[in-house]
Amino acid sequence: MPELPEVETVRRGLAPSFEDARIVRVEQRRPDLRFPFPERFAERLTGRLVTGLGRRSKYLMADLDDGSVLVMHLGMSGSFRVEMGRVESEEPEMPGEFHIPRSKDPRHDHVVFHLEGPARPDAVRIVYNDPRRFGFMTLVERAALASHPLFEKLGIEPTGNQLDADLLARLFANRKAPLKAALLDQRLIAGLGNIYVCEALHRAGLSPKRAAGTIVTKAGRASAGAERLALAIREVIAEAIAAGGSSLRDHRQADGTLGYFQHAFLVYDREGAPCPRQGCGGTVLREVQGGRSSFFCGRCQK
DNA sequence: ATGGTACCCTGAGAGC
DNA sequence: TGCTCTCAGGGTACCA
């Protein structure tokens, strides 16, 4: 499901169950997802205390008390759900109790973490479900994280003020790849995906097909477009996180609730709709770039 | 180094 | 109903 706002939403949903809990058992139900699980995966996790749950780009990382980090990526279709108590029974939920999401398709429940922790009186299970199996999990020593192949080339987070027009200009200078491709390049900016790139480009009034280097002036300075783009990226990401991410195809968050940012999409998956920009009058188009759909207004995105 | 493509996998929805 | 086709929020390997 995940771009950065969805992964951050998952992190916040899982943190109360994961943090300060002990992993008492791990069910690893197949040898691989996108990649093989590491050797002795379940064994290395069993007995560990989870000291924190973080996020870098689209990766979730659970810090463990032995100095290792459980790194998890959701791919396209991965999701977690939290189960508490006797979820298999038909007992009605207690009033005011959490909604307990049942598995949509238990065949794709690939990993189950059994936890004991202080957050809730009941034992907790965290279940990873991933029909397409583009997600993966691995274990990395914390001291080796920065130099790990997954992380060493990752670009900056599109949150906070670090991403400004000048940095964007530096990253994109002289690049001939389209803006769409440059924004999706995780080595430049880490965490953007197809939806939020489409949305940010529309907000900034920039065409996804325009060469990335053209948002830099001849003098090597950030253009007005670069200013708008940096702002648009930070805003759309912040708004999406605040909304609990986007829930496409009924994809639920860890606590069973749905994010609602999909209702704020201005162009994504809106081919043929009138451009929502005031006074534009254009139409939202869909064109494939690099094998993925770009949604944009052909009139106001230059 | 840079940019483009094919491919990994399953499920949902459209069209016939 | 059932078939076939296309598409899907990601990333990597490999090519020119």
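We name chains A, B, ... by the order of the sequence lines, and we start the count at 1 in each one.
- Contact annotation: A:His108 reaches the phosphate of B:dG11 (side-chain N/O to OP1 or OP2, under 4.0 Å).
- Counting any heavy atom pair closer than 4.0 Å across all strands shown, A:Arg34 reaches a base atom.
- Nucleotides B:dG3 and C:dG9 are separated by 23 Å at their C1' atoms, to the nearest Å.
- Closest contact between the side chain of A:His73 and the listed nucleotides C:dG11, B:dT2, C:dG9 involves C:dG11.
- Applying the 4.0 Å criterion to OP1 and OP2 of C:dG9, one finds that A:Ser77 has every side-chain N and O outside that range.
- A:Arg56 meets the salt bridge (charged side-chain N to carboxylate O under 4.0 Å, His left out) test with A:Glu157; sequence neighbours excluded.
- Through direct or indirect side-chain contacts shorter than 4.5 Å among Ile, Leu, Val, Met, Phe, Trp and Tyr, A:Val127 is connected to A:Val112.
- As a whole-Å value, the separation of A:Asn129 CG from C:dG9 P is 19 Å.
- Within a heavy-atom distance below 4.0 Å of DNA chain B, the residues of residues 176-196 of chain A found are A:Lys176, A:Ala177, A:Pro178.
- Ring geometry, A:Tyr268 versus A:Phe295: the interplanar angle exceeds 60°, so the pair is classed perpendicular (tilted spans 30 to 60°).
- In terms of position along DNA chain C, the nucleotide closest to A:Arg132 lies nearer the 5' end than the nucleotide closest to the other residue of the pair A:Pro149 and A:Arg132.
- Of all nucleotides listed (C:dG9, B:dT2, B:dG11), C:dG9 comes nearest to the side chain of A:Leu248.
- Contacts classified as salt bridge (charged side-chain N to carboxylate O under 4.0 Å, His left out) and involving residues 188-205 of chain A (residues at least two apart or in different chains) are given here: A:Arg203-A:Glu239.
- To the nearest whole angstrom, the two P atoms, one in B:dC9 and one in C:dC14, are 16 Å apart.
- With rounding to whole Å, A:Leu154 atom CG is found 9 Å from C:dT12 atom P.
- Between the CZ atom in A:Arg125 and the CD atom in A:Glu27 there is a gap of 9.0 Å [rounded to 0.5 Å].
- The backbone N or O of A:His202 sits less than 3.5 Å from a side-chain atom of A:Arg277, completing a donor-acceptor pair.
- Partner of A:Phe18 under the side-chain contact (heavy atoms from CB on, under 4.5 Å) criterion, out of A:Ile126, A:Val82, A:Val124: A:Ile126 alone.
- Spacing between atom CZ of A:Phe134 and atom C1' of C:dA13 amounts to 14 Å, rounded to whole angstrom units.
- In this structure, A:Phe151 atom CZ and C:dT12 atom C1' are separated by 15 Å, rounded to whole Å.
- Pairs engaging residues 224-234 of chain A under the side-chain hydrogen bond (donor to acceptor under 3.5 Å, both in side chains) rule: none recorded [sequence neighbours left out].
- Here the side chain of A:Arg22 pairs no donor or acceptor atom with the backbone of A:Val24 at under 3.5 angstrom.
- The CG atom of A:Asp32 sits 11 Å away from the C1' atom of B:dC9 (whole-angstrom rounding).
- Closest approach to the A:Lys58 side chain among B:dC9, C:dG11, C:dG9 is made by C:dG11 (side chain taken as heavy atoms from C-beta onward).
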Problem - Pair assignment for DNA chain C - dot-bracket with | for other-strand partners, Watson-Crick or G-U under 3.5 Å - result: .|||||||.|||||||
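- Atoms NZ (A:Lys209) and P (B:dG3) sit 18 Å apart, rounded to a whole Å.
- No donor-acceptor pair closer than 3.5 Å links the side chain of A:Glu8 to the backbone N or O of A:Leu4.
- As rounded to whole Å, 8 Å separates atom P of C:dG9 from atom CG of A:Asp269.
- The side chain of A:Leu150 lies closest to C:dT12, out of C:dT12, C:dA8, C:dG9.
- Atoms NZ (A:Lys153) and C1' (C:dA13) sit 13 Å apart, rounded to a whole Å.
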